[in-house]
Enquirer: 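Could you have a look at this structure, given as structure tokens, before my questions?
The structure displayed is predicted, hence computed values, not measured ones. Each residue takes its place number in the sequence, starting with 1.
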Amino acid sequence: MEKEYLFVKTRDFWFQKFAICSLAIFGFTNISFAQTDSIITLDDAMQIVKQFHPVAKQANLQTLIANAELLKAKGSFDPVAQAVLDQKELSDQLYYSILDGAITWATPFGATIKSGYELNRGPFLNPENNTPGSGLLYAGISLPLGQGLLIDERRAARNTAEIGIELAQNKRADILNKIFFEVSLRYWEWFRSFHVRQIFDTALRNAGERYQGVVINARSGDRPFIDTVEAKIQLQLIDASLNQASLEYKRASLLFSSFLWDENNFNTGLDNKQRPSEQDALDDFPNPVLNPATPENFESVQPYLAQLRQKIKQQEIERKLKQDKLKPMINVQYNPITEPVGSGLLAGWSLNNYTWGLEFKMPLLLRKERGDLRLADLRKRETQLELDNSTVSLYNNYRAYISEYLALLQQARIFEEAVENYQRLFDAESRLFQIGESSLFLVNAREQSLINARIKYLDLQVKAQIAYYSILYYSGLLAN
């Protein structure tokens with residue numbers, strides 16, 4: 001029975017020896033490939049996103065859209081040329097011909113200036129349309145004395161569009177701030193999964209070599225064959241952990257690769273030779289962002305909060321326009337007229353030659369106007385409440401992540417030393433095992449503790465990096 005057991009173990013030994021040799025060759029191949037790997041840092045990823053990612057391109061469109069809106073609003077003040085010709089002819093007889101050409105200019109001050117030329121003729125012409133034989137020149141102004149004197153739709157649209165330029169710049173910064181934060185989260189997930197896989201890959205090679213040595217010693221009688229079972233279990237456990245780490249790495253790689261695009265709007269993704277940066281020493285970690293003294297200072301640099309402030313300014317313009325609608329509409333028009341004579345177009349001009357008019361209009365109950373004004377007040381109040389709440393929320397998150405970042409760095413420094421101590425214990429236990437003064441159980445336990453400590457140290461580093469980029473995100477500085 002013992003010989004049969006020995007035969008099975010010997011056969012298993014040669015199988016495992018072949019597997020371990022293959023593993024060693026595979027590991028060497030990985031190392032050779034790693035020498036030609038290209039490293040992608042987070043800064044590299046952000047530069048790619050800033051230049052080529054569709055969301056970043058959408059962010060860059062915000063300013064162009066705002067400029068187009070401003071151009072459109074200014075266009076309402078452009079001079080307008082118009083001409084109207086109305087004729088009637090029946091049985092070769094001209095009944096009337098009415099020609100009126102004019103240029104109208106809505107000034108930025110509320111008044112409308114109009115000048116033109118009128119030439120009407122025909123036996124059936126309405127007497128009020130009669131003009132001298134050479135026609136009639138006119139020029140004049142229309143001025144609102146009530147509604148529209150201080151503000152109107154044209155001026156409100158222009159002022160709103162001017163504020164929209166700055167709002168679009170902050171909207172662009174806010175969009176970039178969010179996409180960069182998403183990139184940083186995916187990058188650190190990718191970073192962690194890569195280095196966890198490396199930890200288990202190294203542990204698997206060490207466990208394979210140890211298993212091979214235990215089998216050789218067991219065959220020579222220096223070790224009991226039961227140690228080969230324990231060594232194999234350790235090898236299998238680490239191999240299973242490596243498989244799980246590889247799956248997590250593939251998942252993290254796919255999620256991170258969705259942010260990598262090229263100039264042709266093609267998602268390039270990651271290739272097999274691209275990997276994240278190495279683990280930084282804690283001394284190389286960045287210092288936290290200086291803490292603003294008050295939420296008001298914080299509000300001045302946060303792009304989302306700046307958007308809300310500019311939105312409130314636009315809503316104040318809308319409120320003033322709605323309030324202006326409560327006034328009566330009183331428009332006064334005055335148009336001097338003259339008959340052009342020969343080359344002297346204004347030779348017959350006189351103050352006594354003019355047309356003028358007065359227009360008055362006012363709703364009696366003003367329910368629509370009062371409702372519009374109330375809605376404008378409520379919308380502005382709603383945005384102000386959102387600004388107040390968002391300011392406190394973002395500011396407190398900002399302060400919280402500063403504290404978290406500093407605490408994580410302190411914990412990481414503790415675990416940095418702990419990893420070194422666990423490594424010393426593992427090395428010492430391995431030496432004792434080689435000279436027969438320790439058991440395989442203690443070596444495996446030391447190794448598992450070392451693996452856990454390395455992963456914990458890596459997790460603290462990754463959490464600290466995420467906390468740091470959360471500081472930049474909540475302060476709105478990632479876009480810079």
Enquirer: Between D174 and N170 (side chain of the first, backbone of the second, donor and acceptor by atom type, cut-off under 3.5 Å), is there such a pair?
Expert: no

Enquirer: Write down the atom of A157, the atom of A73, and the distance for their closest heavy-atom approach.
Expert: O-CB, 3.6 Å

Enquirer: Any side-chain to backbone donor/acceptor pair from N389 onto L385? Under 3.5 Å, distance only.
Expert: no

Enquirer: Counting distance only, does the side-chain N/O of R223 pair as donor-acceptor with the main-chain N or O of N217 below 3.5 Å?
Expert: no

Enquirer: So is R275 actually on top of F194's ring, under 6.0 Å and inside 45° of the axis?
Expert: no

Enquirer: Side chains of N452 and Q448: do they bring a donor and an acceptor to under 3.5 Å?
Expert: yes

Enquirer: Are the side chain of W190 and the backbone N or O of P276 linked by a donor-acceptor pair below 3.5 Å?
Expert: no

Enquirer: So, are K368 and D372 salt-bridged, with charged N and O less than 4.0 Å apart?
Expert: yes

Enquirer: Does a sphere of radius 6.0 Å around CG in L42 hold more than 12 heavy atoms from other residues, nucleotides or ligands, not counting ones at 6.0 Å or beyond?
Expert: yes

Enquirer: According to ring-ring contact (aromatic ring centres under 6.0 Å, His included), who are the partners of Y304, at least two apart in sequence or on a separate chain?
Expert: none

Enquirer: Relative to the ring of Y469, is the ring of W188 parallel (under 30°), tilted (30 to 60°) or perpendicular (over 60°)?
Expert: tilted

Enquirer: When you compare the side chains of Q51 and E263, does any donor N or O come within less than 3.5 Å of an acceptor on the partner?
Expert: no

Enquirer: Output, in order, the C-alpha distance, side-chain angles, deciding distance and verdict of salt bridge (charged side-chain N to carboxylate O under 4.0 Å, His left out) for K322 and E369.
Expert: CA-CA 7 Å; K322 300 302 182 183; E369 291 73 12; over 6 Å; no

Enquirer: Is there a donor in the side chain of Q47 and an acceptor in the side chain of D43, or the other way round, less than 3.5 Å apart?
Expert: no

Enquirer: Does a salt bridge link D152 with R155, judged by any charged N lying under 4.0 Å from a carboxylate O?
Expert: yes

Enquirer: I'd like to know if E447 and R210 make a salt bridge, using a cut-off of under 4.0 Å between side-chain N and carboxylate O.
Expert: yes

Enquirer: Determine whether a donor-acceptor pair (N or O, by modelled atom type, separation under 3.5 Å) exists between the side chain of D271 and the backbone of K273.
Expert: yes

Enquirer: Is it the case that the side chain of Y187 and the backbone of I40 share a donor-acceptor pair, with hydrogens and angles ignored and the cut-off at 3.5 Å?
Expert: yes

Enquirer: Think R399 forms a cation-pi with Y474, using NZ or CZ under 6.0 Å from the six-ring centre and within 45 degrees of its axis?
Expert: no

Enquirer: Quick one: does R319's side chain have a donor or acceptor within less than 3.5 Å of a partner on L375's backbone?
Expert: no

Enquirer: Give a yes or no answer on whether the side chain of D239 reaches the backbone of L235 with a donor-acceptor pair at less than 3.5 Å.
Expert: no

Enquirer: Show your reasoning for whether salt bridge (charged side-chain N to carboxylate O under 4.0 Å, His left out) applies to D459 and R192.
Expert: CA-CA 7 Å; D459 286 341; R192 180 193 179 278; 2.4 Å; yes

Enquirer: Go through the structure and list residues passing side-chain contact (heavy atoms from CB on, under 4.5 Å) with D324, not counting sequence neighbours.
Expert: Q147, I151, K327

Enquirer: Does T268 use its side chain to pair, donor to acceptor, with the backbone of L260 at less than 3.5 Å?
Expert: yes

Enquirer: Checking K361 against N331 for the side chain to side chain donor-acceptor pair (under 3.5 Å) test, could you report, in this order, the C-alpha distance in whole Å, the side-chain angles of both residues, the deciding distance, and whether it holds?
Expert: CA-CA 9 Å; K361 181 180 179 181; N331 292 331; over 6 Å; no

Enquirer: Please answer whether the main-chain N or O of A418 pairs with a side-chain N or O of N421 as donor and acceptor at a distance below 3.5 Å.
Expert: no

Enquirer: Is a salt bridge present between K325 and E153, judged by a nitrogen-to-oxygen distance below 4.0 Å?
Expert: yes

Enquirer: With a sphere of 6.0 Å drawn around CZ of F441, does it hold more than 12 non-hydrogen atoms of other residues, nucleotides or ligands?
Expert: no

